[in-house]
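Read the structure below first, then the notes.
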Amino acid sequence: MAPDDAGKGISLNELAKKSGVAERTIRYYISRGLLPGPMRGGRGAEYTQEHLAGIQKVRRLQSGGMTLAEIEYQFAQQAGRRRAAIAPESWSMYRISPDVTVQVRDGLSPWRIKHLRSAIARLAAELAADNDHQENGDDS
Amino acid sequence: MSVTTFGPRVLGRREDMQLTMQSLFLTGQILPVGARLWVRHEFQCNELQPVEVVYAFALPREATLRRFRISGDGFDVASDLRSKEDARKEYEDGIAQGSLSSLASIYSDGLTNLSVGNIRPKEKVVVLLEILAGIELHDDGLRFRFPFTLAPSYHANARVVEAEPGLGEMELPENDFGDLMLPKFAKDASDLHAVGFSLELRTGADIKEVASPSHTIRVEGARDQIRRVSLARNSDLPDRDVVLDVRHADVKTTVLSGLDSKGNRRFAAVLPSTEFGPRPSRPRQLVILLDRSGSMSGTPLHQAKKAIEACLGVLDEHDEFGLVTFSSGSEVFRDRLEEATAKNRQAARNFLEAVTAGGGTEMSTGLERAAALLAQEDTDSNRSVSGDILIITDGQVFGTVSVLDRVRTKGVRVHCLGIGSASQDRFLAQLASQTGGVSRFLTPAERVDLPAVELFASIGRPVAQNVTVSVRGIEGARIAPEPAKAVFSRTPLVIFGDSPATKELELKLEWQGGTDAEERIFNIPLETEPIAETLRLLEGARIISDFESRLVPASDPETKRERSRFERRLGRLSLEYGLASSQVSLVAVVKRSGDVKDQIPSTRVVTVGTPAEMEFTSVFGHAGLRASADRAMASVRFGLFEEGSIRASADILAPRGGKLRHSSRSTTLGGFRERLFRRAEAAPVEAQSGDDLLVSLSGMLEPDGGMPGEKADLRIANSLAALLFFYEHGNTGTSGTFRMHVEKLTQFLTPHRLKKLEAKRESAAVRVLELIRIGRPVPGFWEEFVRSIVQFKRPEVSDFWTKLECTLTPVE
């Protein structure tokens, strides 16, 4: 575990300030195994750039829609701590044209869904217009 | 990456085998204008290293925290009130020093975290937290509600997951909720901490009845005005609110007063609506707004539909109504208000029949749609209110500040009928009070339709409007918080205030009645009861919780500045009253011998039960996924692929032939979605009981006030039978849930109309109406005849008249 740029660990309070994440939340991440514990326990517990990067990674995954439990599961799998299980996924299939289907993974965030709905509707409209042209024999 | 926690665990579950929070016990007093409560949290560390426990709960209506005491082996320390930043720093410094630290912080929506850090292995710690809370007042009693769990509610940006079989987790966006930690939600609450309560009732009136629709209770005490209510069994599960109903022997005004520590006179008064005169009769403009989100599915939606039908039955032809439903989006019956003609009401019933439950709870969309219907019909610019909305909902929504902000300025009164075993009572009470309406909150075990009709009877026609209250002749006296501007039948007006003078006070009330401006003077007697301090705190809790609900999330520099000003004001208010708020927290640090600096405690979040009657899978996922993948997780967000909205937006977006793909198992997506968003509707229970018949009958009234029938004489017979049945069940023209129906039926049965009957029948009908008018009993049982009306069977009219004439004979 590398210390920070100055070669010295930082306190939990400093880590909280640098990451913008409350101390209690950082402790919770550690308790859940999302972050390693401090460089040394007991007196003078210190944290490193690795902790900061770890927090940023968790936040990034959260903003992508993952919950802490999902991140915990993903980390555990990556670390090979648990028997690899195939994570299930559910997908919705939309037939937008007689010869075209679009598949969308379930469990996306609402704003993502909104965006996809609009994109699929546009694609469907475009395909429908193409079909009309073909049916009318209007290739010009 | 290292695993830092150890400890025995239940196989297959992440929960510790020994719970960190062992029990939660509620004590305190329920008073005429609020409740002063103490909640005892007992923690114990059963791990090999220190723990930090976070317990999350929702504050009740008009509630906030005052203080806590933290005690254990050799210590008993009181909390301090600090700005949230200072409190957080003190807590964290305490944790870093290895001291026992405790912090109570309030977040948006009244969600609260109680954190206790550095509980040593084997150590027991008790936190006794004082809460000041409001109660739901009625003219003849009150309903008290306190949450023992928290409902996982809808938020468009919430992240939700079933992390372990039967264990759900929910995370809310940090922008609005900061570092709030929600509890874990267990499908089965039986392994969790124990809850119990023992409360003293001092409601200032002779208590006639105490009941609980949520728990089995024991009531003790022989004195007329004091009772002790406790849980009948040793403990219960944390999966629902405790709800207590207190019914008083009389309807009367209650006045409390006393001198506080600064020598100021504090007072509070509860004035029943009957003080303001009768309900005026004037045409109404109202919209019924029905929550059809997934969590309403089954019996609540079925009952709500029946309730709306019954409400439609009491509309006059001159009334105008609208009907809106909402879930992830909203749907309207018609895009304008309609006159309550028979044709329109039937069309509304047909619209209701097609309504199904599913999707999220975009309440503000529904409220805005309903408000827009009222606004477009409002041609009178002098009116402060363009109409009334009755919303029937479980209120399970987070981010309520934004909903309130969007509705407050619409110029509509919102009346709330909430349904749920874990309350959003606080939110619905705010929604009603801030728009000038009234609210009621029911448990799922109770009927929805009867209270809906009851509430509906009072809205749209307040007994008093433009109410103002002032203290006569004393400079510096004030009324705060501002009382309701309108008073509705069955709901009293509550007044809080204080005065620097020690002499007797006179309160002047002015209001607009049915036609005239009216006023009345009330005396506040010179009492020296020790209740003044409690009144001051309850007043503060009401003001602060109202203030909190106006802290709108800020986006641009201007609104951020405005919010900062608001926050500073809230901070000052909190310190003035000595009460916590989102800006001021409670903190205590206990230094013990042997504290080890910089030892990181393991953070544990207390698990609560998913509210009883709430389908776990409607929020947290699908058993089929778990069954097929060991320890895999099914992640589900609210409001996705909500069927109604997909179909409405574009047919091509309706999933066709979708499959749930998995290496070892395949199931149809349709079935999956059915379980998630359309919990199987409970088989509708057809109207059979007396109450069911009353509701069904009330929904059949024609706009002219009479019952339907092919010919005039059949309509009269049906109307008379319905009237007798309502009367038999305790309803008159001025009292009872169906008083409006009785009033309408009586108006329909005019002497002129009765003349169409043959003389003998006319005479019987006139006698019945007279007996009802003077409040005399009318013998006989009318259920059989009424049942045939409700079931659209051809009733035996001649049998009815014969029976009526026979039963009237002994009366004379």
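These values consider heavy atoms only, across backbone and side chains, with no hydrogens, waters or symmetry-generated copies.
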Quick check on Pro601(B) against chain A: is it the side chain, the backbone, both or neither that has a heavy atom closer than 4.5 Å? both

One should read off an interatomic distance between Arg604(B) CZ and Arg32(A) CZ, to the nearest 0.5 angstrom, of 10.5 Å

Apply the test side-chain contact (heavy atoms from CB on, under 4.5 Å) to residues Glu92(B) and Asn13(A): give CA-CA distance (whole Å), side-chain angles for both, the deciding distance (0.1 Å), then the verdict. CA-CA 8 Å; Glu92(B) 289 298 341; Asn13(A) 180 259; 5.8 Å; no

Taking Leu12(A), Val21(A), Thr25(A), Leu68(A) one by one, which has the highest count of heavy-atom pairs under 4.5 Å against chain B? Leu68(A)

Below 4.5 Å from any heavy atom of chain A, which atoms of Val51(B) appear? Answer side chain, backbone, both or neither. neither

Any donor-acceptor N/O pair, Arg159(B) side chain to Met66(A) backbone, under 3.5 Å: yes

CD (Glu14(A)) with more than 12 external heavy atoms under 6.0 Å: yes

Nearest heavy-atom pair of Ala69(A) and Val161(B): which atoms, and what distance? CB-CG1, 3.8 Å

I'd like to know if the side chain of Arg24(A) reaches the main chain of Asp179(B), judged simply by a donor and an acceptor atom lying under 3.5 Å from each other, with no hydrogens or angles considered. yes

Spacing of Asp93(B) atom CG and Glu23(A) atom CD [to the nearest 0.5 Å]: 8.5 Å

Ile95(B) versus chain A, the contacting section by heavy-atom distance below 4.5 Å: side chain

Any side-chain heavy-atom pair of Thr67(A) and Glu169(B) under 4.5 Å: no

Before accepting this row, confirm whether a basic side-chain N of the pair Glu52(B)/Arg27(A) lies closer than 4.0 Å to the acidic partner's carboxylate O. yes

Minimum heavy-atom separation for Gly20(A) and Glu174(B), please, with both atom names. O-OE2, 4.4 Å

